[in-house]
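Since the model is a prediction, treat every value here as computed from it, not as a measurement.
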Amino acid sequence: MSQRFYSTKSPGDFVDVKEAVLRSLPADNGLYMPEKIEPLGDDFWNGWRDLSLSQLGFRIARQVFRESIPADQLEMIVHEAINFPAPLVTVKEKEYVLELYHGPTLAFKDFGARFMARLMRWLTRDDDGLLTVLVATSGDTGGAVASAFHKVPGTRVIILYPKGKVSGLQEKQLTTLGDNITALEIEGTFDDCQRLVKSAFLKREMSERMNLTSANSINISRLVPQSFYYFDAARNLPEGAKPTFVIPSGNFGNLTAGLFAEEMGLPVEQFVAATNRNDVVPVYLKEGEYRPRSSVATISNAMDVGAPSNFARMESIFGSEWERMRSRIAGFAYDDEMTRDTIRRVNAETGYTLEPHGAVGWMAAEAWRKDHPEAHTVVLETAHPSKFLDVMEEELGKSAIEIPERLACLADREKVAIQLGTDESAFQDWLEGLE
Ligand SMILES: *Cc1c(COP(=O)(O)O)cnc(C)c1O
């Protein structure tokens with residue numbers, strides 16, 4: 001049987017995997033969800049501890065996509081995408097960090113982006129013309145998507161980023177690859193970039209003629225590979241220990257992937273959502289009212305989200321029942337000063353270096369442990385500390401952070417970007433002028 005996907009706004013209508021992945025956003029503005037995720041059977045649980053991460057990933061992806069993608073193709077896609085580890089580090093007894101930043105761009109978004117790129121390539125293998133991927137970025141997403149699609153045949157990527165608003169090395173990650181990756185430096189804000197991308201999709205005729213697709217974080221194919229490491233972490237805990245996963249969250253894609261893992265039968269003690277001052281979900285969990293609002297800027301900026309897009313998926317999983325959601329997910333929020341304190345304190349006490357997003361998670365884990373001292377807490381660390389060098393050096397001093405070679409070497413590469421304003425028709429004209 002193939003998997004079918006419904007929109008959270010019209011649960012009775014289904015599309016196939018190609019439509020869900022390439023269209024990304026349903027016409028009704030909902031989010032795509034798999035019709036059904038079945039628990040994994042004994043044939044999985046009998047041998048799951050001995051599989052490699054990519055074999056484990058294949059079995060999990062197969063459970064979600066079923067026969068929508070031939071097994072040998074899916075296995076290859078997972079194998080090529082997940083070619084780096086996700087180490088579980090014991091920081092203190094029963095207190096773990098799951099390092100998700102060992103991919104090519106040092107961000108956990110490599111998991112989703114690398115899988116999506118290869119899946120899109122396979123889904124369009126018989127189509128004429130290039131697949132054109134548009135992505136607006138305020139930082140990490142663009143770098144992960146650019147790296148994931150770089151030199152993937154049959155694809156080209158257009159990245160829009162706001163001039164002067166991404167860090168120097170982040171900009172280099174977007175602008176130095178060349179080949180099928182083109183960077184547009186927009187004289188405006190991140191919101192302008194997003195508006196421009198949306199405007200191109202709304203031009204139905206052009207969008208279809210040019211095979212436009214989107215690589216933003218709501219794409220269902222980015223969530224599936226994020227379930228893999230929940231299984232991987234769980235099997236690396238001491239025998240019999242059930243994990244409490246603590247997830248630094250912005251759009252809540254990572255947390256939703258954890259819920260998928262649980263639907264597949266992974267034993268999870270508890271989910272803990274950790275946010276910065278953008279605390280719409282922790283407030284909802286506490287009070288039962290969902291009040292999205294404008295985001296505020298923080299030092300854990302990948303989580304500066306005021307209206308988390310995956311909240312609709314979480315509601316769908318819990319049947320919109322607040323009591324059910326809050327029994328499975330605890331929520332905590334912290335400000336920048338506490339985050340900075342935690343980076344210093346944990347480094348001094350344990351020698352372990354947390355970056356701002358991980359530090360927010362660490363505080364939530366500590367808060368949870370106060371009432372649940374027996375918990376085995378696994379904090380997801382979503383980026384390498386060198387990606388937030390300014391903050392890290394302010395707290396831990398110069399030269400405390402080593403910049404990995406694959407990031408450091410970008411500093412000397414030449415930036416290549418096309419400058420554009422925020423005018424929608426000028427952007428569309430530019431797009432149409434491409435080959
Ligand atoms: C994207 C991102 C997050 C937030 O992940 P969501 O799935 O949107 O909740 C957290 N930390 C870092 C470093 C990120 O890049």
Side-chain angles (χ1 to χ4, degrees), residues 1-3 17 34-90 94-103 108 110-112 114-116 118-119 220-247 253-272 317 328-329 374-382:
M1 271 245 301
S2 293
Q3 179 64 279
V17 65
E35 179 183 10
K36 201 160 184 209
I37 298 183
E38 304 266 7
L40 286 148
D42 285 345
D43 59 326
F44 173 81
W45 297 112
N46 287 339
W48 73 300
R49 291 179 181 276
D50 302 321
L51 301 174
S52 69
L53 177 56
S54 100
Q55 286 170 330
L56 184 72
F58 162 61
R59 300 293 293 275
I60 295 160
R62 181 76 173 160
Q63 195 69 7
V64 178
F65 290 108
R66 302 177 168 201
E67 279 150 41
S68 299
I69 303 156
D72 57 336
Q73 296 299 318
L74 185 62
E75 187 167 18
M76 187 130 78
I77 289 168
V78 174
H79 183 72
E80 287 180 12
I82 312 304
N83 61 353
F84 53 92
L88 184 74
V89 178
T90 307
K94 293 190 293 189
E95 299 180 48
Y96 309 86
V97 171
L98 181 62
E99 295 182 349
L100 300 177
Y101 55 71
H102 293 276
F108 90 97
D110 285 325
F111 280 91
R114 291 176 63 78
F115 180 84
M116 176 179 62
R118 286 159 182 81
L119 181 58
I220 185 69
S221 68
R222 281 180 52 170
L223 293 193
V224 176
Q226 293 181 29
S227 296
F228 302 171
Y229 42 73
Y230 286 92
F231 286 82
D232 193 36
R235 66 183 181 168
N236 286 323
L237 290 178
E239 190 81 34
K242 229 172 154 189
T244 290
F245 286 111
V246 187
I247 303 133
N254 220 359
L255 198 143
T256 302
L259 298 175
F260 286 172
E262 189 172 42
E263 285 191 72
M264 282 180 257
L266 183 72
V268 175
E269 188 68 38
Q270 179 75 28
F271 291 99
V272 177
I317 289 170
R328 292 306 295 138
I329 308 174
E374 293 311 309
H376 288 258
T377 49
V378 178
V379 176
L380 276 54
E381 180 48 288
T382 46

According to side-chain hydrogen bond (donor to acceptor under 3.5 Å, both in side chains), who are the partners of [X], at least two apart in sequence or on a separate chain?
X: Glu35; result: Arg4
X: Thr382; result: none
X: Ser221; result: Asn219
X: Thr90; result: none

If the condition is salt bridge (Lys or Arg N to Asp or Glu O under 4.0 Å), which residues does [X] pass it with, not counting sequence neighbours?
X: Arg62; result: none
X: Glu38; result: Lys36, Arg66
X: Asp50; result: none
X: Glu75; result: none

Do the side chains of [Y] and [X] get nearer than 4.5 Å, heavy atoms only?
X: Phe231; Y: Met264; value: yes
X: Arg59; Y: Asp43; value: yes
X: Leu100; Y: Gln226; value: no
X: Leu88; Y: Leu237; value: yes
X: Tyr96; Y: Asn236; value: no
X: His79; Y: Phe58; value: no

Could you pull out all residues at least two apart from [X] that satisfy side-chain contact (heavy atoms from CB on, under 4.5 Å)?
X: Arg235; answer: Trp48, Arg49, Leu51, Leu56, Asp232
X: Glu263; answer: Ile37, Phe260, Ile317
X: Ser52; answer: Ser54, Gln55

Run the side-chain contact (heavy atoms from CB on, under 4.5 Å) check on Glu80 and Met76 step by step: do they pass? CA-CA 6 Å; Glu80 287 180 12; Met76 187 130 78; 3.6 Å; yes
Tell me whether Thr377 contacts the main-chain N or O of Glu95 through its side chain, where contact means a donor paired with an acceptor under 3.5 Å. no
One pair to check against side-chain contact (heavy atoms from CB on, under 4.5 Å): Asn254 and Tyr230. What are the steps and the verdict? CA-CA 10 Å; Asn254 220 359; Tyr230 286 92; 4.1 Å; yes
Do the two ring centres, one from Tyr229 and one from Phe111, sit under 6.0 Å apart? yes
In sequence, state the C-alpha distance, the side-chain angles, and the governing distance for Ile69 and Leu119, and then conclude on side-chain contact (heavy atoms from CB on, under 4.5 Å). CA-CA 9 Å; Ile69 303 156; Leu119 181 58; 3.4 Å; yes
Ignoring hydrogens, what is the shortest heavy-atom contact between Phe245 and Pro243? Give both atom names and the distance. CE1-CG, 3.6 Å
Taking every heavy atom of Val64 against every heavy atom of Pro34, the minimum-distance pair comes out as CG1-CG, 4.3 Å
Residue set satisfying ring pair (Phe, Tyr, Trp, His ring centres under 6.0 Å) with Phe108, at least two apart, ordered chain then number -> none
Evaluate the criterion side-chain contact (heavy atoms from CB on, under 4.5 Å) for residue pair Glu381 and Tyr101; output intermediate values, then yes/no. CA-CA 7 Å; Glu381 180 48 288; Tyr101 55 71; 3.5 Å; yes
Interatomic spacing from CZ in Arg114 to CZ in Arg118 - rounded to 0.5 Å: 4.5 Å
